[in-house]
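Proteins get letters first, then strands, A, B, ... in listed order; numbering begins at 1 in each.
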Amino acid sequence: MSSRERILGRVRRALADVPQDDTSYEQAVPREYLREHGDRSVEQTVDLLAENLADYRALVHRTDAEELPNLIMRLLAQRGSQSVLVPPELPPEWMSAAGPTRVHDRAASTPHELDKVESVITGCAIAIAETGTIVLDGSPDQGRRRITLVPDHHICVVRVPDQVVSSVPQALERLDPTRPLTWISGPSATSDIELDRVEGVHGPRTLEVVLVSGRASAEENA
Amino acid sequence: MSGTFVGMPAFPVAAHDAVRNETLRGNLRHATHTIRAKRAKAVAEVSDWAELREAGKRIKDHTLFHLDRYLVQLEEAVTAAGGTVHWAADADEANRIVVQLVKETGESEVVKVKSMATQEIGLNEALEEEGIRAYETDLAELIVQLGKDRPSHILVPAIHRNRGEIREIFTREMSEWGRPAPEGLTDTPAELAEAARLHLREKFLRAKVGVSGANFMIAETGTLVVVESEGNGRMCLTLPETLISVVGIEKILPTWRDLEVFLQTLPRSSTAERMNPYTSMWTGTTDEDGPQNFHLVLLDNGRTDTLADEVGRQALRCIRCSACLNVCPVYERAGGHAYGSVYPGPIGAILSPQLRGTASEIDASLPYASSLCGACYEVCPVAIDIPEVLVHLRERIVEGGQVTREGNKVILKPAKGHAAERAAMRAARWAFGRPGALRTGQRLASRTRRFHPRTLPGPGRAWSESRDLPTLPAEPFRDWWQRTQGGNTDKGAAK
């Protein structure tokens, strides 16, 4: 007998006392919890996102589409980065004003090569206001998972309010589980020394989140 | 200190030394009190905590009651997404599978994400025997590994160490394993974290094989989820070419949507955060992103035996948050090592004796490592009634009965060492069934009360060593009631 059959057989025998139950899964689990906490306007939801990101030590910047290239240039200059990793389809205008060398992540790039790059800039799939979380799903404006991991400085651009949801339940509805997902809530941290939170272990120690309101500037331009 | 739990003495013996270790008690008191207050605050932020807890409990119960179906569904989904599924009935089989998989890659070292399942099966030791070095990359696991120590907490295995001790371990041991600790390392947590970053960086960048566990597995999609803080998990899950995940069969959730419950309750219960810094989710393999070989090892190792126990099976709902450890008065004083298992604290006291059986001294003593105060049940995000299971296991140990071991039903004999308890219970049953004898006995006891010892003799001595014997009244209640007509004519108690 294979271990597969052995384990499945043990499970069935272990449950011999449980009466046959044809209740559907949907009926078996009451979901009386909230879809989101509190009642907020779209603007307030974006404010909450900014507040919670900052609470977990992400550096938050707000700008519009027009100012975004200048802001990115300034952030990279302040950091003193000579090179910056970019995903395959980063909107070209984001980096239009920035000076550092753009490094493309290729399948053949080794982790050691990526380790020499100082910063990385990406978009995101969505952001969650209640928990101060950004979620990456490996889309072409975000790239492979490793590029947001190895460099010590990550700039993540969130389009507000389109990419912002209030809560974890709303986030899961909008995400595709077949894509590799990375949920990021603040820079790398640990609670392993005396159960107290310290920022900065293996992931990027500096996380800058840029909330860019695209529509506002488009309207101004019109 | 040895790095293994084999041959541990019973809980009271192990705890006896721990409670006299003032550094240990200070470290534990500081850490558990810090986290307790923070958890309460994080939980209070969500107004629907009770509903989330109930949903979590029901999802887990439903899954356990249909575990065979969901395991098969998960296997199909993982396979369809490019992964390979292996089944391991016990620790030895799981270790053999992992050793074989690592050997097939031709590598002689692996990087590890913190994982309770691989600790439980002793994977690092099994790899070491085959000449494969396993590097623990979680900060606390690193502290334990470098210090040749044992884990004492589910979430923070080095909770028994304070910053000064950690500095000393890093300075002394890091050079043995790779990059030495920086010169002049101080004991500030930020510097200690930096030292770990530098030490492990090279290992991450060259690693070809990663080994992990998982917090959740989604049956409908085949998605695995790892919840972490430091980024070491992301390193191990995305940089290597081969990823091997060893996961207990009870970690399944039926649907993608179910994560909406646990991703709200787990971080708040464990590190008292709205959300932990990093959560990784992957489904099989993805072209040109992350490991191109993914193996999932589904581990039984006593879980199906636990599932066979109608009362005890609720322990399988556990999501390893460790909130029960942080509130437990016994854990706070005795520390994690006394529990003789990778699962310490209240959840360990019900999980270890079920996963391993109660044949050893330590496992038979664990259900007694509790004052039954119930704080653990109150904070549990999946509502495991730990006191109920503790009492159930105590009964089983004292009276014996039917249990399942390795899939077979066996009858346990009543444990030795409970003879005095059993004799006392038999005597009580006899006396309570005979009112005349009970009355005579009570009067005799009241009249001789001046001569009663303050501690019990013989086998009762251990019990009364830390407890006061109840003082007997000057006259039995029934006599008083009759004499005073229910208290109406009370002129003081009989002398």
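- Using a 4.5 Å heavy-atom threshold, the side chains of Gln264(B) and Pro169(A) count as touching.
- Residue pairs that meet the ring-ring contact (aromatic ring centres under 6.0 Å, His included) test with at least one member in residues 24-45 of chain A, sequence neighbours left out, are Tyr25(A)-His62(B).
- Put simply, the side chain of Arg58(B) reaches to within 4.5 Å of the side chain of Pro30(A), judged on heavy atoms.
- Taking OG1 of Thr304(B) as the reference point, atom CD1 of Ile7(A) lies at 7.5 Å (rounded to 0.5 Å).
- Between the CG atom in Leu114(A) and the CG atom in Leu205(B) there is a gap of 8.5 Å [rounded to 0.5 Å].
- Contact annotation: the side chain of Arg234(B) approaches that of Thr148(A) to within less than 4.5 Å [non-hydrogen atoms, C-beta and beyond].
- Heavy-atom distances place the side chain of Glu75(B), and not its backbone, under 4.5 Å from chain A.
- Within 6.0 Å of CG in Asp39(A) there are 12 or fewer heavy atoms belonging to other residues, nucleotides or ligands.
- Side-chain contact, Arg144(A) with Thr286(B): no donor N or O sits under 3.5 Å from an acceptor N or O.
- Residue Asn276(B) touches chain A through its backbone alone, counting heavy-atom pairs closer than 4.5 Å.
- With contacts defined as side-chain heavy-atom distances shorter than 4.5 Å, the pair Thr178(A)/Thr221(B) does not qualify.
- Using a 4.0 Å cut-off between charged side-chain N and carboxylate O, Asp55(A) and Arg274(B) make a salt bridge.
- Between Asp192(A) and Glu230(B), the closest side-chain pair of non-hydrogen atoms falls below 4.5 Å.
- Taking OG1 of Thr110(A) as the start and CZ of Arg206(B) as the end, the distance is 14.0 Å to the nearest 0.5 Å.
- With a 4.5 angstrom heavy-atom cutoff, Ala89(B) touches chain A via backbone and side-chain atoms both.
- Residues Glu194(B) and Arg205(A) are paired through a salt bridge, judged by an N-O separation under 4.0 Å between the basic side chain and the carboxylate.
- Leu139(B) touches chain A through backbone and side chain together, each having a heavy atom under 4.5 Å away.
- The residues Asp48(B) and Arg35(A) are annotated as not salt-bridged, no charged nitrogen and carboxylate oxygen being separated by less than 4.0 angstrom.
- Side-chain contact between Val29(A) and Arg257(B) is absent, with no heavy-atom pair separated by less than 4.5 Å.
- For chain A, no part of Leu198(B) is nearby; none of its heavy atoms comes within less than 4.5 Å.
- For Thr137(B), the part sitting under 4.5 Å from any heavy atom of chain A is the backbone (N, CA, C, O) and nothing else.
- Contact annotation for Thr223(B): only side-chain heavy atoms (C-beta onward) come within less than 4.5 Å of a heavy atom of chain A.
- Heavy-atom distances place both the backbone and the side chain of Asn232(B) under 4.5 Å from chain A.
- Contact check on Glu406(B) versus Arg10(A) returns no salt bridge, with no Lys/Arg side-chain nitrogen under 4.0 Å from an Asp/Glu carboxylate oxygen.
- Counting heavy-atom pairs under 4.5 Å between each of His66(B), Arg201(B), Glu54(B) and chain A puts Arg201(B) at the top.
- Under the 4.5 Å side-chain criterion, counting only non-hydrogen atoms from C-beta, Phe204(B) is not in contact with Val150(A).
- Taking non-hydrogen atoms and a 4.5 Å limit, the residue list of residues 180-189 of chain A in contact with chain B, ordered by number, reads Pro180(A), Leu181(A), Thr182(A), Trp183(A), Ile184(A), Ser185(A), Gly186(A), Pro187(A), Ser188(A), Ala189(A).
- Note that the CZ atom of Arg167(B) and the CD1 atom of Ile193(A) stand 13.0 Å from one another [nearest 0.5 Å].
- Here the straight-line distance linking atom CD of Glu32(A) with atom CG of Leu52(B) works out to 11.0 Å at 0.5 Å rounding.
- For Leu64(B), the part sitting under 4.5 Å from any heavy atom of chain A is the backbone (N, CA, C, O) and nothing else.
- Under the 4.0 Å criterion applied to side-chain N and carboxylate O atoms, Asp152(A) and Arg197(B) are assigned as salt-bridge partners.
- Atom OG1 of residue Thr238(B) and atom CZ of residue Arg146(A) lie 9.0 Å apart, to the nearest 0.5 angstrom.
- Proximity to chain A (any heavy atom under 4.5 Å) is restricted, for Ile159(B), to the side chain, taken from C-beta onward.
- Put simply, the side chain of Val168(A) reaches to within 4.5 Å of the side chain of Met275(B), judged on heavy atoms.
- Using a distance-only test at 3.5 Å, with no hydrogens or angles considered, no donor-acceptor pair links the side chain of Trp87(B) to the main chain of Ser2(A).
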